[in-house]
Amino acid sequence: MTNPGPIITGFAHHRVPASDGIELNVAVGGAATGTPVVLLHGFPQTHLMWRHVAPKLAAEHTVICPDLRGYGASDKPADPDGTAYAKRTMAADVVAVAKALGHERFALVGHDRGALVAIRAGLDHPETVTHLASLDVLPTLDMWEVMRGTSAAIGFHLYLMAQPPGLPEQLIGASPDAFFGHFLDVWTRDPAAVPPDIRAAYLAACRAAVPSIVADYRASAGVDVTHDRADREAGNRLRMPVSVLQQDWGAALGFDAAALWSAWADDLRHSTVSCGHFMAEEAPDVVVEAIRDLLRR
């Protein structure tokens with residue numbers, strides 16, 4: 001029997017219809033009668049990043065962990081016009097997947113790229129997203145505005161993958177394990193948090209998804225900024241309770257993260273953490289408690 005690789009213990013995997021005729025790979029588990037919580041992974045990861053958090057939440061909730069479009073075992077559609085990986089499109093995937101699983105409303109938690117999808121879902125679908133948690137990002141428009149000077153070198157990958165199709169894919173595809181592995185190394189304070197089998201699974205998934213991962217990032221330098229700017233100009237805000245966990249990037253890059261977030265959400269709790277970027281793997285109990293606190297609001 002073929003070894004399926006790492007899984008989230010106690011969760012079943014499904015192919016679930018999303019938007020635009022694609023399907024996402026989704027791990028589902030937990031209490032059938034519990035309120036639904038959707039967990040969205042970040043870069044360079046898959047739904048496996050929730051392997052410690054999801055089982056703890058599953059005691060009280062139905063927990064849904066998709067691979068985002070373009071990542072993991074989910075479909076990876078082509079991007080001919082630059083909108084296939086817009087966060088608006090990816091947010092529509094999440095809403096469609098939850099509905100296909102029987103949930104018209106749900107709480108939404110996102111890390112890194114998944115947090116950008118979650119923010120867009122909260123702005124576009126306020127009647128659907130009941131609570132929102134963001135782990136270690138700023139909204140896209142704010143992210144670009146704080147990246148300046150030599151300190152912006154920390155986000156070199158953002159600029160690389162923002163380039164027109166061709167060169168980024170060629171450069172990253174020439175040595176994908178070195179590229180994606182770099183982030184697993186430098187963004188982790190506790191290397192044991194991403195053990196060899198999980199690291200191998202992440203690298204294999206990214207290796208097979210270079211064009212779609214680049215397209216996801218390219219969208220964040222184009223159409224996603226357009227959507228964020230339109231919301232800012234229209235005064236559109238996140239209407240649900242919002243919790244944010246972040247490393248103290250503001251101290252390093254010279255901005256007030258809580259103040260930036262306050263411009264997007266009225267009911268906001270903003271906290272900094274002492275672990276590395278991959279907080280769901282390095283400090284899962286902190287993340288679980290933050291989610292439970294959010295769901296009590």
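Every heavy atom of this structure was used, including side-chain atoms; hydrogens, water molecules and symmetry mates were not.
Taken from CH2 in W50 to CD in Q45, the straight-line distance is 8.5 Å, to the nearest 0.5 Å. The CG atom of D177 sits 12.5 Å away from the CD1 atom of I172 when rounded to the nearest 0.5 Å. In this structure, CH2 on W264 lies 8.0 Å from CG on N236, to the nearest 0.5 angstrom. For the atom pair OG1 of T128 and CG of L108, the computed distance is 10.5 Å after rounding to the nearest 0.5 Å. Atoms OG and NE2, on S134 and H270 in that order, are 8.5 Å from each other to the nearest 0.5 Å. Once rounded to the nearest 0.5 Å, the distance linking CZ of R88 with OG1 of T226 reads 10.0 Å.
In summary, the aromatic rings of H182 and F156 are positioned with their centroids under 6.0 Å apart. Taking the six-membered ring wherever Trp is involved, the centroid distance between the rings of W187 and H157 falls below 6.0 Å.
Remark: side-chain polar atoms of T62 are not paired, donor with acceptor, to backbone N or O of G30 under 3.5 angstrom. Remark: the backbone N or O of Q247 is not paired with any side-chain donor or acceptor of T272 at under 3.5 angstrom. With S212 contributing its side chain and G70 its backbone, the two residues share a donor-acceptor pair below 3.5 Å. Between the side chain of R218 and the main chain of Q163, a donor-acceptor pair closer than 3.5 Å is present. At least one donor-acceptor pair under 3.5 Å links the side chain of D67 to the backbone N or O of A73. E169 places a side-chain N or O within donor-acceptor distance of the main-chain N or O of G166, the cut-off being under 3.5 Å. In this structure, E282 contributes its side chain and D190 its backbone to a donor-acceptor pair below 3.5 Å.
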So R229 and R232, side-chain contact (heavy atoms from CB on, under 4.5 Å) or not? Walk me through it.
CA-CA 5 Å; R229 186 172 287 119; R232 176 175 284 178; 5.6 Å; no
Between V38 and V97, is a side-chain contact (heavy atoms from CB on, under 4.5 Å) present by the stated rule, with each step listed?
CA-CA 10 Å; V38 179; V97 163; over 6 Å; no
Walk me through it: do V95 and D124 pass the test side-chain contact (heavy atoms from CB on, under 4.5 Å)?
CA-CA 10 Å; V95 172; D124 285 0; over 6 Å; no
Determine, stepwise, if the pair E281 / H111 fulfils side-chain contact (heavy atoms from CB on, under 4.5 Å).
CA-CA 11 Å; E281 293 169 287; H111 173 259; over 6 Å; no
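Applying side chain to side chain contact (heavy atoms under 4.5 Å, CB included) to K56 and the options V63, V287, D285 leaves one that passes, D285. For the salt bridge (charged side-chain N to carboxylate O under 4.0 Å, His left out) with R69, the qualifying choice from D20, D216, D79 is D20, the only one to do so. The one candidate from Y159, Y71, F43 that meets the ring pair (Phe, Tyr, Trp, His ring centres under 6.0 Å) condition with Y217 is F43. Checked against I291 for a side chain to side chain contact (heavy atoms under 4.5 Å, CB included), the options L135, L245, V109 give a single hit: V109.
Taking each heavy atom of P139 and D228 in turn, the nearest pair found is C-OD2, 4.1 Å. Taking every heavy atom of both residues into account, L24 and A18 meet most closely at CG-CB, 3.9 Å. Closest approach of H103 to P36, counting heavy atoms only: ND1-CG, 3.6 Å. Across all non-hydrogen atoms, the minimal contact from A115 to G110 is CB-O, 3.2 Å. Counting all heavy atoms, side chain and backbone alike, L48 lies closest to P6 at CD2-O, 3.5 Å. Annotation for A58 and G29: closest pair CB-C, 4.4 Å, computed over non-hydrogen atoms.
Here the side chains of M49 and Y202 are in contact, with some heavy-atom distance below 4.5 Å. Annotation: side chain of Q246 is in contact with side chain of L138 (closest heavy-atom distance under 4.5 Å). The closest side-chain heavy-atom distance from R120 to D231 is below 4.5 Å. In this structure, P77 and Y85 have side chains that are in contact, with non-hydrogen atoms separated by less than 4.5 Å. Put simply, the side chain of V117 reaches to within 4.5 Å of the side chain of V94, judged on heavy atoms. The shortest distance between side-chain heavy atoms of L295 and H61 falls below 4.5 Å. Here the side chains of S220 and L158 are not in contact, with every heavy-atom distance at 4.5 Å or above. For the pair F180 and R207, the minimum side-chain heavy-atom distance is 4.5 Å or more.
Side-chain contact check for S19 and D93: at least one donor-acceptor pair (N or O, by modelled atom type) lies under 3.5 Å.
Hydrophobic clustering (ILVMFWY, side-chain heavy atoms < 4.5 Å, transitive): F179 and V194 are in one cluster. Residues W261 and M143 are members of one and the same hydrophobic cluster, defined by side-chain heavy-atom contacts under 4.5 angstrom among Ile, Leu, Val, Met, Phe, Trp and Tyr. Linking ILVMFWY side-chain heavy atoms closer than 4.5 Å, directly or via other members, places V223 and L68 in two distinct hydrophobic clusters. Cluster membership for L294 and V244, using ILVMFWY side-chain heavy atoms within less than 4.5 angstrom, is not shared.
Note on D266 versus R237: salt bridge recorded, some NZ/NE/NH1/NH2 to OD/OE distance being below 4.0 Å. Salt bridge present: D75 and R15 bring a charged side-chain N and a carboxylate O closer than 4.0 Å.
For K76, the NZ atom is densely surrounded, since the number of other residues' heavy atoms within 6.0 Å is greater than 12. No more than 12 heavy-atom neighbours from other residues, nucleotides or ligands sit within 6.0 angstrom of CZ on R239.
Judged by the 6.0 Å and 45° rule, R51 forms no cation-pi pair with F11.
A perpendicular orientation is assigned to the rings of H13 and H47, their planes being inclined by more than 60° (bins at 30° and 60°).
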